[in-house]
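Below: one structure, written as structure tokens.
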Amino acid sequence: MTNHEIVMQGSSSLSNTLLIDQSEKTIMNKNYAKKTAGFWIRFWAFLLDGFIITAVGGIFINPIFYVMDWSLSETVWYAPISIITAILYYSYFVLMTKFFGQTLGKMVFGLRVVSLKHDKLTWSDVIFRDWIGRIICNIFMPLYILVVILPDNKGLHDFFADTTVVHENTFIEKELTQPPLPIKEDSLTTEPLIEKDIDILEEKKGE
């Protein structure tokens with residue numbers, strides 16, 4: 001081993017130091033994601049869905065009650081009109097969301113329900129979101145305001161199913177932060193190896 005070779009190995013420690021310094025820097029990548037829908041646009045879509053459900057009930061359900069001479073004015077939850085209206089209401093949201101990913105109101109405003117853990121909405125996602133979660137939110141209406149507070153503009157019913165509502169044609173730029181690459185301990189053992197090589201060289205010279 002020559003002195004030139006020793007110097008070259010020693011300089012590698014400098015290059016290792018530069019690599020370590022560079023690896024410690026955070027790598028930033030840009031990514032585009034669909035924009036989540038805020039409270040007001042979801043409110044208007046929900047209001048339109050309410051008008052649609054009321055219209056469907058007036059066209060198809062009310063005439064049957066008139067023919068059967070059943071009361072349409074009872075407000076207790078166990079009244080026939082209350083039960084049928086509830087079935088129509090929740091079935092509309094569950095089925096439309098499962099098969100189309102959006103209700104008619106969301107279609108008008110260009111919104112879509114997406115899962116944050118699956119590629120496609122599952123039946124459990126939809127049932128927890130648009131049946132169980134929506135029942136709770138309808139009982140305690142102020143809970144819908146959580147859309148403004150929770151991350152990704154989730155409502156409480158979205159929180160149950162890990163879903164959110166996004167704009168179909170609106171994208172925002174997001175920065176993805178990648179952690180620095182792990183540094184192997186072997187890269188830090190350059191100096192001890194050089195000293196060992198120097199000792200071997202001295203031994204050979206002594207021989």
Side-chain angles (χ1 to χ4, degrees), residues 33-172:
K34 289 184 177 180
K35 181 181 179 182
T36 55
F39 172 79
W40 285 109
I41 192 167
R42 291 177 63 170
F43 171 77
W44 295 119
F46 177 73
L47 201 62
L48 181 56
D49 286 326
F51 287 139
I52 293 171
I53 294 171
T54 301
V56 171
I59 294 172
F60 295 102
I61 297 177
N62 289 6
I64 297 175
F65 274 70
Y66 283 121
V67 170
M68 301 300 296
D69 195 24
W70 293 340
S71 174
L72 290 169
S73 58
E74 292 185 71
T75 57
V76 292
W77 67 268
Y78 53 83
I81 187 61
S82 299
I83 294 174
I84 294 176
T85 301
I87 292 173
L88 174 64
Y89 176 88
Y90 292 108
S91 297
Y92 169 80
F93 282 103
V94 168
L95 297 177
M96 290 292 295
T97 303
K98 178 63 180 72
F99 292 110
F100 300 100
Q102 52 192 168
T103 59
L104 295 176
K106 289 184 176 67
M107 290 180 186
V108 171
F109 288 94
L111 307 179
R112 179 176 293 275
V113 180
V114 295
S115 173
L116 298 178
K117 59 182 178 180
H118 303 129
D119 293 334
K120 294 178 62 178
L121 291 169
T122 63
W123 277 109
S124 62
D125 293 336
V126 175
I127 289 174
F128 274 102
R129 183 187 190 275
D130 286 307
W131 182 25
I132 299 173
R134 198 171 288 277
I135 287 176
I136 296 173
C137 289
N138 287 341
I139 294 174
F140 306 100
M141 294 295 288
L143 291 176
Y144 280 112
I145 303 296
L146 291 176
V147 172
V148 181
I149 302 172
L150 292 177
D152 296 319
N153 293 118
K154 290 183 180 181
L156 183 65
H157 51 312
D158 288 311
F159 184 79
F160 287 156
D162 202 9
T163 59
T164 190
V165 179
V166 298
H167 294 267
E168 287 189 289
N169 301 315
T170 304
F171 294 81
I172 58 174

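Please read these numbers as outputs of a predicted model, since none were measured by experiment.
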For residues [X] and [Y], determine if any side-chain heavy atom of one lies less than 4.5 Å from a side-chain heavy atom of the other.
| X | Y | result |
| --- | --- | --- |
| Tyr90 | Asn138 | yes |
| Lys106 | Thr97 | no |
| His167 | Leu111 | yes |
| Phe160 | Ile136 | yes |

query: Among Phe93, Trp131, Tyr144, which one satisfies ring-ring contact (aromatic ring centres under 6.0 Å, His included) with His157?
result: Tyr144
message: With a 3.5 Å distance limit and no angle check, can you tell me whether Ser82 reaches the backbone of Tyr78 through a side-chain donor-acceptor pair?
response: no
message: Please check: side-chain N/O of Arg129 versus main-chain N/O of Val94, any donor-acceptor pairing under 3.5 Å?
response: no
message: Under the rule for ring pair (Phe, Tyr, Trp, His ring centres under 6.0 Å), what residues qualify as partners of Tyr92, not counting sequence neighbours?
response: none
- prompt: Would you call the rings of Phe43 and Phe39 parallel, tilted or perpendicular, where under 30° means parallel and over 60° means perpendicular?
  reply: parallel
Please list every donor-acceptor pair under 3.5 Å in which a side-chain atom of residues 62-71 meets a protein atom from a residue at least two apart or in another chain.
residue	atom	partner	partner atom	Å
Ser71	OG	Ser73	N	3.3
Ser71	OG	Ser73	OG	3.2

field: Short side-chain donor-acceptor distance under 3.5 Å, Thr164 and Asp152
entry: no
Would you compute the distance between atom [atom1] of [X] and atom [atom2] of [Y] and round it to the nearest 0.5 angstrom?
| X | Y | atom1 | atom2 | answer |
| --- | --- | --- | --- | --- |
| Thr163 | Lys117 | OG1 | NZ | 9.0 Å |
| Ile41 | Asn153 | CD1 | CG | 11.0 Å |
| Asp49 | Thr103 | CG | OG1 | 3.5 Å |

Please report the closest heavy-atom contact between [X] and [Y], naming both atoms and the distance.
| X | Y | result |
| --- | --- | --- |
| Phe100 | Arg112 | O-NH1, 2.7 Å |
| Ser124 | Thr122 | OG-OG1, 3.0 Å |
| Arg42 | Asp158 | NH2-OD2, 2.7 Å |
| Ile87 | Ser91 | O-OG, 2.6 Å |
| Ile53 | Leu88 | O-CD2, 3.9 Å |
| Val147 | Gly38 | CG1-C, 4.1 Å |

field: Residues in salt bridge (charged side-chain N to carboxylate O under 4.0 Å, His left out) contact with Asp162, at least two apart in sequence or another chain
entry: Lys154
Check this for me: [X], atom [atom1], are more than 12 non-hydrogen atoms of other residues, nucleotides or ligands nearer than 6.0 Å?
| X | atom1 | answer |
| --- | --- | --- |
| Phe51 | CZ | no |
| Trp40 | CH2 | no |
| Phe128 | CZ | no |

field: N-O pairing of Asp130 and Arg134 below 4.0 Å
entry: yes
field: side-chain contact (heavy atoms from CB on, under 4.5 Å) evaluation trace for Ile81 with Ile61
entry: CA-CA 9 Å; Ile81 187 61; Ile61 297 177; 4.1 Å; yes
